[in-house]
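Convention: sequence-line order gives letters A, B, ...; per-chain numbering from 1.
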Amino acid sequence: MERKANYSFPLLVMEIAAVLLGLIFLSPFYFVISNSVKTLGEILLNAAKWPSTYHWDNYKKVWEQLDFPHVFMNSLLITVFSVCGIVLISSMMAYRLVRKPTVFNKILFTALVASMIIPFQSVMLQLVRITSLLELRGHLYGIIICYFGFGLALSMFLFHGFIKSVPLEVEEAAVVDGCTPYGVYFKIVFPLLTPIMVTVIILNTLWIWNDYLLPVLVIGGNKDLTTIPLGITKFFGAYTKKWDLALPGLAIGIAPIIVFFLFLQKYIVEGITAGSVKG
Amino acid sequence: MKNNRLSEWMQQIVFVGPGLLFFLAVVFIPFLLGFYYSFTDWNGLDMNKANWTGLHNLHLIASDTNFWHSLGFTLKFTVVTVIGANVLAFLLALVLSRPLKTRNFLRTVFFLPNVIGGILLGFIWQFIFTKGFTTIGELTNLPFFNLPWLGTPTTGFWGIVIVFIWQTAGYMMVIYIAALAGMPKDLEEAARIDGANSFQLLWNVVVPLIMPAITICLFLTTSNAFKMFDLNLSLTKGGPGTSTQSLAFNVYAEALNNNRYGLGTMKAMLFFFAVSLITVTQVWFTKRREVEA
């Protein structure tokens, strides 16, 4: 049927409809960006028009008031250290649970998988208490340690599924050659985990970068640790109707993760697909 | 021999220890503590003191109309968004699996909202609903844009629904596209030769074959919708009044605004049971419909 023309008329109709829907999906970004360089008066007059003049100093003001470089660094440090730690501890644990399925390890695996259903709200208040007791509250490392705990289960599960398909022969050969168990893991198994590691890194990065509630509870009173979502929330609360400041703030706030996505798009989409099929 | 056992112990500690330690400290122990704090008058002002009050918190919850309203709100929200997001995502996946010229570009576009967190998305849409929609309404006179968006319980509800679907559909689309690409082609052709029309093909061949993907997508959307919090906080703050408070938001507000941590914990525990019940039932139902290709 479709042999004559690969690009038929119904396909054209579909294409036009899809492009129109795509434009609707993008329209919020148009509103934010175009209005972010207007004066407040011009925004209130007509929010849909392209700006008549560009007030770039909106951005300059916001950049300073948000203390953006500082806030950005906090988000970056928390995300990078948390993700690296999660990858290391969850892959090590998964490796051991696959290779030594003792009763204890089987129960541990089941408990971790079951724990994924617990909503954050069900532990958050007690977490405030525990993190105060353990002196984790109000420290950067405290937030990172919390992410280790909350990120472990899903990441371990993904590694577990992957390690099951890693052949034992290679490891046995290495042992015969005199490699220690730790050497086997770090020199042989760990490098083989790259495909699933991409998935783990991406899922955790998107989650931790955008997370709001955990840092709010764990930074305590220490405003120095404000991350991007927290900074923007506070900023937005202070400038509710002052859209000429709120909008450039939002534009700066979403820029890093959008850049991250556009550069690593291919990996992100593949990583998410792999993660959900396993999960 | 003894050396060997020592080495095994050592390995168990090195490989499993760190993860287990963090998990216990951050997730497991707080979770268990929740069962205790649920039955106390623990408050946010004096964190060290918690008196056992028995079933008092349950009595309070039973007569807490806000809580039951937020449960109703959350259930309605979950049903609407799970259907909406999955239907949209599936249609997008069907269209974007065809050889369109803009296919790759559109996949990026539809996925894009998903990488931004709920907090920032909520703020962006606050502007769209209050200022953007008003302007479009003035220019086009369409009644849809002239509604008092976010100003009433109904528009608040649908406002959150729109943003949630906008955010979620792309993610589910990616999963559906992968499932459609992995479908065996011969069954589809056999059905066509047997004279199945497009709709029959879709309903009787395609849908059963990608049922595993449907299970996953329904699970992810159900669980995310039922636990929706960030969007709620930044888009409507539960308002007007408390009319658009999700369950997760109600738990948060009880503890952090009213300083009633004990009551909040009890609500949080009920929330946990509700989440488990709903997601487990849903997975059980859809799993039964999965077939072997």
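The candidate from A:Ile232, A:Ile118, A:Leu206, A:Ile257 with the greatest count of non-hydrogen atom pairs under 4.5 Å with chain B is A:Ile118. Options A:Phe29, A:Phe260, A:Tyr95 differ in how many heavy-atom pairs under 4.5 Å they form with chain B, and the most are formed by A:Phe29. Interface check for chain A: of the options B:Gly118, B:Gly170, B:Ala179, B:Ala248, the most heavy-atom pairs under 4.5 Å are formed by B:Ala248. Interface summary for chain B: among A:Asn105, A:Leu23, A:Leu12, the most heavy-atom pairs under 4.5 angstrom belong to A:Asn105. Between chain A and the options B:Ile128, B:Ile116, B:Val251, the largest number of non-hydrogen pairs under 4.5 Å is found for B:Ile116. Heavy-atom pairs under 4.5 Å with chain A peak, among B:Ile136, B:Leu33, B:Leu21, B:Leu112, at B:Leu112. Ranked by heavy-atom pairs shorter than 4.5 Å toward chain B, the options A:Ala47, A:Cys146, A:Ala17 are led by A:Ala47. Chain B forms more heavy-atom pairs under 4.5 Å with one residue of A:Gln265, A:Glu15, A:Met93 than with any other, namely A:Glu15. Among the candidates A:Gly149, A:Ala251, A:Ala94, the residue making the largest number of heavy-atom pairs closer than 4.5 Å to chain B is A:Gly149.
Inter-residue side-chain proximity for B:Phe110 and A:Leu26 is flagged as unmet; no heavy-atom pair is nearer than 4.5 Å. Side-chain contact between B:Arg107 and A:Val269 is absent, with no heavy-atom pair separated by less than 4.5 Å. Between B:Leu88 and A:Leu21, the closest side-chain pair of non-hydrogen atoms falls below 4.5 Å. Taking 4.5 Å as the limit, every side-chain heavy atom of A:Lys49 sits out of range of all side-chain heavy atoms of B:Thr135. Between B:Ile119 and A:Asn210, every side-chain heavy-atom pair lies at or beyond the 4.5 Å cut-off. Proximity of A:Leu213 to B:Tyr252: side-chain heavy atoms (C-beta onward) are separated by under 4.5 Å at one or more points. Taking the side chain as every heavy atom from C-beta outward, B:Phe123 and A:Thr233 approach each other to under 4.5 Å. The closest side-chain heavy-atom distance from A:Leu262 to B:Thr108 is below 4.5 Å.
A:Phe31 and B:Gly132 make their closest contact through CE2-CA, 3.7 Å (heavy atoms, listed as atom of the first residue, atom of the second, distance). Nearest approach of B:Lys131 to A:Leu44, heavy atoms of both residues: CE-CD2, 3.2 Å. For the pair B:Ala255 and A:Leu125, the tightest heavy-atom approach, listed with the atom from each and the gap, is CB-CD2, 3.4 Å. Between A:Ile89 and B:Pro18, the shortest heavy-atom distance links the atoms CG2-CB, 3.8 Å. The two atoms that bring A:Ile117 and B:Val275 nearest to each other are O-CG1, 3.9 Å, heavy atoms only. The nearest pair of heavy atoms linking A:Phe25 to B:Trp166 is O-NE1, 3.0 Å.
Of the atoms belonging to B:Lys101, heavy atoms from both backbone and side chain fall under 4.5 Å from chain A. Residue B:Leu24: no heavy atom, backbone or side chain, is found under 4.5 Å from chain A. Residue contact with chain B, scored on non-hydrogen atoms closer than 4.5 Å, involves the side chain of A:Leu217 exclusively. At a 4.5 Å heavy-atom cutoff, B:Ile177 makes no contact with chain A through either its backbone or its side chain. Contacts between B:Ser276 and chain A at a heavy-atom distance below 4.5 Å involve backbone atoms as well as side-chain atoms. Within the 4.5 angstrom heavy-atom criterion, atoms from both the backbone and the side chain of B:Leu20 approach chain A. Proximity to chain A involves both the backbone and the side chain of B:Leu100, based on heavy atoms less than 4.5 angstrom apart. If you measure heavy-atom distances from B:Leu91 to chain A, you find no contacts under 4.5 Å at all. Heavy atoms closer than 4.5 Å to chain A are found in the side chain of B:Leu106, but not in its backbone. For a residue to count as touching a neighbouring chain, one of its non-hydrogen atoms must lie under 4.5 Å from one of that chain's; by this rule B:Leu270 does not touch chain A. Of the atoms belonging to A:Phe236, it is side-chain heavy atoms, and not backbone ones, that fall under 4.5 Å from chain B. A:Leu136 does not touch chain B: none of its heavy atoms, backbone or side chain, sits under 4.5 Å away. Residue contact with chain B, scored on non-hydrogen atoms closer than 4.5 Å, involves the backbone and the side chain of A:Leu127 alike. Of the atoms belonging to A:Leu247, it is side-chain heavy atoms, and not backbone ones, that fall under 4.5 Å from chain B. For A:Met156, no part lies near chain B; criterion is any non-hydrogen pair under 4.5 Å. Contact annotation for B:Ile124: both backbone and side-chain heavy atoms come within less than 4.5 Å of a heavy atom of chain A. Heavy atoms closer than 4.5 Å to chain B are found nowhere in A:Phe120, neither backbone nor side chain. Interface remark: B:Thr130 contributes side-chain atoms only to the contact with chain A (heavy atom separation under 4.5 Å). Looking at A:Ile130, only its side chain comes within 4.5 Å of chain B, counting heavy atoms on both sides.
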Between B:Phe111 and A:Ile272, does a side-chain contact (heavy atoms from CB on, under 4.5 Å) hold up when you go through it step by step? CA-CA 11 Å; B:Phe111 189 82; A:Ile272 279 170; 3.3 Å; yes

Can you list the steps and then say if B:Phe127 with A:Ile43 is a side-chain contact (heavy atoms from CB on, under 4.5 Å)? CA-CA 11 Å; B:Phe127 178 72; A:Ile43 297 173; 3.7 Å; yes

Could you walk me through whether B:Phe249 and A:Gln121 pass the side-chain contact (heavy atoms from CB on, under 4.5 Å) test, one step at a time? CA-CA 9 Å; B:Phe249 193 92; A:Gln121 275 81 6; over 6 Å; no

Please test A:Gln126 against B:Tyr37 for side-chain contact (heavy atoms from CB on, under 4.5 Å), starting from the C-alpha separation and ending with a verdict. CA-CA 8 Å; A:Gln126 304 89 294; B:Tyr37 279 124; 4.0 Å; yes

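More than 12 heavy atoms of other residues, nucleotides or ligands lie within 6.0 Å of OH in A:Tyr182, so this atom counts as buried by the packing criterion. A 6.0 Å sphere centred on CZ of B:Phe28 holds no more than 12 heavy atoms belonging to other residues, nucleotides or ligands. Counting non-hydrogen atoms of other residues, nucleotides and ligands closer than 6.0 Å to OH of A:Tyr141 gives a total above 12.
Checked against salt bridge (Lys or Arg N to Asp or Glu O under 4.0 Å), A:Arg129 has no partners two or more places apart in sequence or in another chain. Partners of B:Phe23 according to the ring-ring contact (aromatic ring centres under 6.0 Å, His included) rule, which considers only residues two or more places apart in sequence or in another chain, do not exist here. For A:Phe186, there are no ring-ring contact (aromatic ring centres under 6.0 Å, His included) partners at least two apart in sequence or on another chain.
At a heavy-atom cut-off of under 4.5 Å, chain A is reached by B:Glu8, B:Met10, B:Gln11, B:Gln12, B:Val14, B:Phe15, B:Val16 from residues 8-17 of chain B, listed in order of number.
Remark: aromatic rings of A:Phe150 and B:Phe22 are distant, center separation not under 6.0 Å.
The NZ atom of B:Lys267 sits 13.0 Å away from the OG atom of A:Ser122 when rounded to the nearest 0.5 Å.
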